[in-house]
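These numbers come from a predicted model, not from an experiment. Numbers restart at 1 for each chain; the letters A, B, ... are given by sequence-line order, proteins then strands.
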There are 2 protein chains.
Amino acid sequence: MKDVAQLAGVSPKTVSNVLTGAVAVREGTRERVQAAMDELDFVPNLSARGLRNGRTGIIGVALPDLATAFSADLAHTIVEQAHERGLAVQFEETAAEPEREHDLVSRARTHLIDGLILNPVRLEDSVIERVDHLPPVVLIGEVEQHRADRVYVDSRVASREITEHVLSRGARRIAALGGAVRGQDGKATAGLRLLGYLDALRDAGLEADPQLQVDVEQWTIGGAAAAVEELLARQVPFDAVVAFTDTLAFGALHALHRAGLRVPEDVLVTGFDDVEHAAFTLPPLTTVAFTRTDYVSAALDLLSARFEERAGRRDDGPSQAVVIPHRLVLRESTQGTPAGYVPTGSP
Amino acid sequence: MKDVAQLAGVSPKTVSNVLTGAVAVREGTRERVQAAMDELDFVPNLSARGLRNGRTGIIGVALPDLATAFSADLAHTIVEQAHERGLAVQFEETAAEPEREHDLVSRARTHLIDGLILNPVRLEDSVIERVDHLPPVVLIGEVEQHRADRVYVDSRVASREITEHVLSRGARRIAALGGAVRGQDGKATAGLRLLGYLDALRDAGLEADPQLQVDVEQWTIGGAAAAVEELLARQVPFDAVVAFTDTLAFGALHALHRAGLRVPEDVLVTGFDDVEHAAFTLPPLTTVAFTRTDYVSAALDLLSARFEERAGRRDDGPSQAVVIPHRLVLRESTQGTPAGYVPTGSP
DNA sequence: ATGAAAGCGCTAACAT
DNA sequence: ATGTTAGCGCTTTCAT
C-alpha cells in the first residue's frame, strides 16, 4: 500500500480511504490512486485488515454433513446469500465425532471468523454456556437453548401435521423413521419430530407402539433403507412411514420397493424438508416444506445485527428466536388408503 | 500473549514457542506457560499469525453449485480431509454468473486463502493466464488447461465405456443428456463426455443423430426432467439415455416414468459420478464411479506440495496432472434389452 | 533455552 | 481532503 501511495503521490491513508470508501476522496485523487493500484496489481491484505479491524468478513458455518441433501441445500443458500452481503463462508462438519461440536464452538474465536452459524445435532445448553467470549452464534434447527439466537421451523407441530395427514388417509400403524425416544443423547431434531408424531397419535386416540419407532444409526439413504429392512424382517405390520427427513424417506422408499411393497397402495411415506429430489422420487414424496431463503436470511440478519452491536460497542441484546413458517406439500406418496404391510412368515 | 508471558514469567517469544512447538521448550517452562494460557483463556489470533506468516491455513474451494449431489459429496470429502490436515475450508459458488469464475480466481489473493481448489464449469486457459501472482490453484474436473495442477477422471474414456455398455445391451438410439456440441461456451465436462459418447457410436458403426444430443439448461433434476420431456414431445424415438451426471439421470428417470416408459424394459438409463442416491433410485442406476477420497486427497496433496515450494522459496515446478481411475457400476437401470420408445402420435 | 527488538499491512485517531 | 503516528498480535532475526 505504501508503494501505491508513493506512485500516486499520496499518503497510505488516502489509499486506504479510496479502498474502504468510508471517507470522501477528491475525484482526481481517487483516479490517481486507482491507476496506481492497477499499475502495481495491488490487492489489499485481508489478514492485516482483519488484525487491525478485528473483523475478517468470514463467517463460519457448521453442519452435520455437507453430503446430506438438506445440508447441501442449506450450504448452497448460505453461500449465495452471504456472497450478496459481502461475506465469505467457511464450513465445518460436526457429525464425525460427537465432541466436534463443542470443540468447534470453543475454538471459534481462533478461526478467523466473525460469527458462527451452527446446526447442532445434539448441542446441549451447556456447550454455549461453558464457552465465554464467543463470537456471535446463530443456532439453526431444533435445540433447546436460550443463550444464543435461533432460527428454526416448528418441527413438533409440522411433524404432528404430517402425521395427521397420514392418519386422515386411513393409516393406523405408522412407523416413525428417525429414532425412538432416547433421552439426552438423541438428536434434537429427532426428539421434537417424534413428539409431534406422538401428539398426533394421542389426539387420534391411538396408542403408540414402540416397535414402530425406528432408530436409524446413520442418517443416510443407506442407513434408512437398512433400518426399514430390519423393521420388515422383524415382521412388524405397518401401513405408513413418517420419516424425519427426506433423506430417510428416500431410504424407506427403496427398502419398501425391494420388499415388493407399493407406495402408496400398500404403505404411505412422508419426508421432511422438501429437498429438490423429493419431487422426483417414484412416487413423489409428501413432505414438509419451508422457504430456504427466508430461513437463511433470518440467520444472516441475526448475525449481522450482532456484528453491529459489537461494532457499536453496544451491549448484547437478549437472544432472539425466529420461527420460519412451514407447509405440507402433498404428493403421490400419500395419495390413497394403504392396504398395509402384513407379515407373511412368523416373527 | 503478552499477558500470558507476564503471568508465566517468561517472554512472549517463549509463549509463541510453546504454541508452535517449533523450538524446544523446557518441560517446566512449558507447563507454566500452559497454565497461564488456560488461566487467561487465551486463544491465539489467527489474523495476526496470518499477517506475520503470510499463511492463513485456509483454502478456498469453488464449486458450481453446492446443492448438486456430486458437489455436495465433494464438499463433504474436502472438508473432512482438509480438517485432518489442519486446514479450514472456505467455499464459493461459480455457477450463478459466468463471470464469477474469473472474478474468483483474480481476487483469490485477497480472500485470506493460501490456495484454491477450483471445479470450473467453463474456465478457459486464458483465465489462469491473465491473472498473475496467484496463490496455488488446483483444478478438479475436466478442463483443457496446462498452467495449473489438475485432478480429473478420464471423462471421455469413461463416457465411451458406459455408452459401449449400453450398446452391448442392444440399445441403438442412445440419447446423450447434458448437451450437444456447442463450441467454446459449453461446459467442459459436457464436451468431453459427449466426445466419449460419439467415440462409442463411431466404433460401433452407428451414425450420431444430433436430435439425440439433448441440451440441458439447468443441470438440476428438474432441468433434466424438462429436457427429457421435451425430447419425448419432439417424438424422437430412443432406447437409452446416457446422462452426463447422476443428477441429470435422476431427472431422466422421473420424466420417463411420467411418460409411462419403463426402465430398463423400454429405455436404459445411465448416470455419471455414483453419488449415494444412484444406488437407491427405482431402478438403481448404472453409473461411472471413482473413489472420492482419492480424488480429493490428490487435490490436497498437490496444493500442499505447492505450499511447501513457496515456503521453501523454491521455484514452482511444472504443473502436474493426476488422473483418478474410474469404473463402471452396473445396476438395474441397464439390465435388459430395451424395447425402445416408439412415438405414437405424429411428430 | 530464552529474551529484546523489529516489522508483517493495515486503519483509527488526531492533526493539518 | 489529506498526512502523521501509532499499534492491532504475532513471529523472526539476532543476542544472550
Side-chain angles (χ1 to χ4, degrees), chain A residues 1-37 40-58 107 109-114 133 135 307 310-313, chain B residues 1-37 40-58 107 109-114 133 135 307 310-313:
Chain A
M1 209 160 98
K2 218 187 297 178
D3 299 343
V4 173
Q6 194 158 9
L7 182 60
V10 297
S11 79
K13 172 59 181 161
T14 303
V15 179
S16 172
N17 287 341
V18 171
L19 276 172
T20 59
V23 181
V25 177
R26 202 178 299 146
E27 191 52 37
T29 317
R30 150 171 287 114
E31 277 163 17
R32 284 211 321 288
V33 171
Q34 191 62 54
M37 293 199 300
L40 296 178
D41 197 20
F42 168 82
V43 174
N45 178 321
L46 293 197
S47 276
R49 187 178 287 174
L51 174 58
R52 178 66 243 224
N53 291 346
R55 315 188 342 104
T56 57
I58 306 180
R107 283 209 301 264
R109 287 172 293 164
T110 84
H111 276 302
L112 280 171
I113 61 172
D114 296 337
H133 314 300
F307 293 162
R310 305 230 167 166
R313 279 165 203 83
Chain B
M1 209 161 99
K2 217 187 297 179
D3 299 343
V4 173
Q6 194 160 7
L7 182 60
V10 297
S11 79
K13 168 60 180 160
T14 304
V15 178
S16 171
N17 286 341
V18 170
L19 276 172
T20 60
V23 181
V25 177
R26 202 177 300 148
E27 190 52 37
T29 317
R30 148 170 290 114
E31 276 164 17
R32 282 211 322 286
V33 171
Q34 191 61 55
M37 293 200 300
L40 296 179
D41 197 19
F42 168 82
V43 174
N45 178 320
L46 293 197
S47 277
R49 185 178 288 175
L51 174 58
R52 179 65 243 223
N53 291 345
R55 313 188 344 102
T56 56
I58 306 181
R107 283 209 301 264
R109 287 172 293 163
T110 84
H111 276 303
L112 279 171
I113 62 171
D114 297 337
H133 315 298
F307 292 161
R310 306 230 165 165
R313 281 164 205 81

Would you please confirm or rule out a distance under 4.0 Å between OP1 or OP2 of C:dA1 and any side-chain N or O of B:T29? no
Assert: residue with more 5' nearest nucleotide on DNA chain C, out of B:L51 and B:R26, is B:R26
Nearest-Å distance, CD (B:Q6) to P (D:dG9)? 15 Å
Does the B:N53 side chain pair with the main chain of B:R55, one donor and one acceptor, at a distance under 3.5 Å? no
Using whole Å, what does the distance between atom P of nucleotide D:dA1 and atom CZ of A:R32 come to? 15 Å
Separation between OG1 (B:T56) and CG (A:L46), nearest 0.5 Å, reads 10.0 Å
At under 4.0 Å, does any side-chain N or O of B:T14 touch on OP1 or OP2 of C:dG3? yes
Given D:dG9, is OP1 or OP2 found less than 4.0 Å from the side-chain N or O atoms of B:S47? no
Mind checking the CD-CD spacing from A:Q34 to A:E31? Nearest 0.5 Å is all I need. 9.5 Å
A:R49 has an atom CZ; how far is it from atom P of C:dC8, in whole Å? 18 Å
Roughly how many Å is it from CG in B:N53 to P in D:dC8, rounded to a whole number? 19 Å
More 5' along DNA chain C: A:A48 or B:K13, using each one's nearest nucleotide? B:K13
Presence of A:S16 side-chain N/O under 4.0 Å of C:dC10 phosphate oxygens OP1/OP2: no
Tell me the interatomic distance from B:L40, atom CG, to D:dG9, atom C1', rounded to whole angstroms. 15 Å
Rounded to the nearest 0.5 Å, how far does OG1 of B:T14 lie from CZ of B:R30? 11.0 Å
Separation between CG (A:L7) and CZ (A:F42), nearest 0.5 Å, reads 12.5 Å
Quick one: closest heavy-atom pair of B:I58 and A:L112, and the distance? CD1-CD1, 3.5 Å
Phosphate OP1/OP2 of C:dG7 contacted by B:R52 side-chain N/O (<4.0 Å): no
I want to check something: taking the side chain as every heavy atom from C-beta on, are B:N17 and B:K13 in contact at a cut-off of under 4.5 Å? yes
Could you tell me how far apart B:L46 (CG) and D:dC8 (P) are, to the nearest whole angstrom? 18 Å
Nearest whole Å is fine: how far is D:dT12 C1' from B:R55 CZ? 16 Å
Looking at five pairs on each end of the helix from C:dA1-D:dT16 to C:dT16-D:dA1, what is the angle between the two axes, given to 10 degrees? 30°
I want to check one thing: is the phosphate of D:dG3, taken as OP1 and OP2, less than 4.0 Å away from some side-chain N or O of A:N17? no
Could you tell me how far apart A:M37 (CE) and C:dG9 (P) are, to the nearest whole angstrom? 17 Å
Can you figure out which of D:dT11, C:dT11, D:dT2 approaches the side chain of A:S11 most closely? D:dT2
Can you give me the closest heavy-atom contact between B:A8 and B:V33, atom names plus distance? CB-CA, 3.9 Å
B:T20 side chain N/O closer than 4.0 Å to the phosphate oxygens (OP1, OP2) of D:dT11? no
